[in-house]
Amino acid sequence: MEILTTIKETRDKVKEWKAQGLKVALVPTMGYLHEGHRSLIDRAHKENDKVVVSIFVNPMQFGPNEDLDAYPRDLDRDAAICEAGGVDIIFHPSVEEMYGPDFQSYADMHVLPEKLCGASRPVHFRGVQTVVSKLFHIIPAQRAYFGQKDAQQLAIIRRMVIDMDFDIEIIGCPIIREDDGLAKSSRNTYLSEEERKQAVILNQSLNKGMEAIEAGEKDAAKIKQIITDNLNTCPLAKIDYVEVVSFDTIQPIEKVEGAVLIAIAVYIGTTRLIDNRIIL
Ligand code: AMP
């Protein structure tokens, strides 16, 4: 495995592989890897000849009061996880390599980023789209792997690929969880012992919503209320949003039918966690 830091050597290597007829996969990450990332790497490894993992904490997707500086980083540990997963290249550029001094271009979108995380993090998805566009140009892979943990991000990337004619297949992968159901996240490391215990409320509340749906409930407002009431039983939880939206448009719906995304964002103490259920 090689760790490459420049755009040129990374692009040259991927082009060389493709000239040999090899299938190349890209797994974009911000590092501090866990089993969720590992599941994307494993699937990419199984379905392709070569795997590139990008590790880049992208400043453009963090708002002014967000956790850019505090975001956990450990390249040595990440490299060991990638090596064990059969990764061929880690692309680990500096901020200067990705955003030159005169940088002034963005990738953006109208409808899909408006609600959910886009409402509470106004510049977030513009930053995500911009960096993912750049990664798709730098690493012209045939497939890219994304987690359903970031369901709105997945919907936006799929839309962007269609709208902008990127020649890449987007593969969505299921959410990997801790034994008690908490979705794995690099941000879970911010939680104190007590917060970590209470953080299971996200998954538990989504389960309550799903139980209601399985029992025949179709009214989105009622499902939102069940999830909200359950979250409010947790002393350390402060709700950012609880939404029931169409998975295609990421706009609120009244009835649960077709492709539906139930998404929540909740502060446990000062740490903002997200989780969801996708009903297809
Ligand atoms: P991040 O490093 O948080 O930007 O995540 C990189 C990729 O890993 C994204 O596509 C995430 O959706 C995915 N991912 C993060 N956590 C999980 C998880 N618990 N299960 C599955 N995929 C995940």
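Just so you know, these numbers come straight off a predicted model, no measurement behind them. When a ligand or atom number is given, it counts from 1 through the structure's own listing order.
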With no hydrogens and no angle check, just 3.5 Å: does a side-chain donor-acceptor pair link [X] and [Y]?
| X | Y | value |
| --- | --- | --- |
| Tyr145 | Asn48 | yes |
| Asn207 | Glu211 | no |
| Asn188 | Arg196 | no |
| Asn58 | Tyr99 | yes |
| Thr6 | Glu9 | yes |

For this session: Using a 4.0 Å heavy-atom cut-off, say whether His34 meets ligand 1 through its side chain, its backbone, both or neither.
Result: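 Contact part for His34 vs ligand 1: side chain (C-beta onward).
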Exercise. Side chain, backbone, both or neither: which part of Leu154 comes within less than 4.0 Å of ligand 1 when only heavy atoms are counted?
Worked result: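 Neither; nothing of Leu154 gets under 4.0 Å from ligand 1.
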So for ligand 1, is [X] a polar contact partner (N or O within less than 3.5 Å, distance only)?
| X | answer |
| --- | --- |
| Phe146 | no |
| Ser185 | no |
| Ser186 | no |
| Pro28 | no |
| Ile176 | yes |

Exercise. Just how far is it from atom OG of Ser186 to atom CG of Asp74, taken to the nearest 0.5 Å?
Worked result: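 Atom-to-atom, Ser186:OG and Asp74:CG are 11.0 Å apart.
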Exercise. Any idea which atoms of ligand 1 are less than 4.0 Å away from a heavy-atom of Lys184?
Worked result: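 In order of numbering, the contacting atoms are 16 (N), 17 (C), 18 (C), 19 (N).
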For this session: Under 4.0 Å from a heavy atom of Ile175: give me the atoms of ligand 1 that qualify, with their elements.
Result: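 Close to Ile175: 20 (N), 21 (C).
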To check your reading of the model: name the closest protein heavy atom to [atom], its residue, and the distance in Å.
| atom | answer |
| --- | --- |
| atom 10 (O) of ligand 1 | Gly147 N, 2.9 Å |
| atom 4 (O) of ligand 1 | Met30 CG, 3.6 Å |
| atom 11 (C) of ligand 1 | Asp150 OD2, 3.0 Å |
| atom 1 (P) of ligand 1 | His37 NE2, 3.7 Å |

For this session: Would you please indicate if the ring centroids of His124 and Phe62 are separated by under 6.0 Å?
Result: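 Not close enough - the centres of the two rings lie 6.0 Å or further apart.
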Exercise. In terms of ring plane angle, is the pair Phe146 and Phe136 parallel, tilted or perpendicular, where the classes change at 30° and 60°?
Worked result: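 The arrangement is perpendicular - the two ring planes meet at more than 60°.
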Problem set entry | Parallel, tilted or perpendicular: ring planes of His34 versus His37, cut at 30 and 60 degrees |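 Geometry flag for His37 against His34: tilted rings.
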For this session: Out of Ser54, Pro174, Ala144, Ala151, indicate the one that has the non-hydrogen atom closest to atom 21 (C) of ligand 1.
Result: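 Result: the heavy atom closest to atom 21 (C) of ligand 1 is in Pro174.
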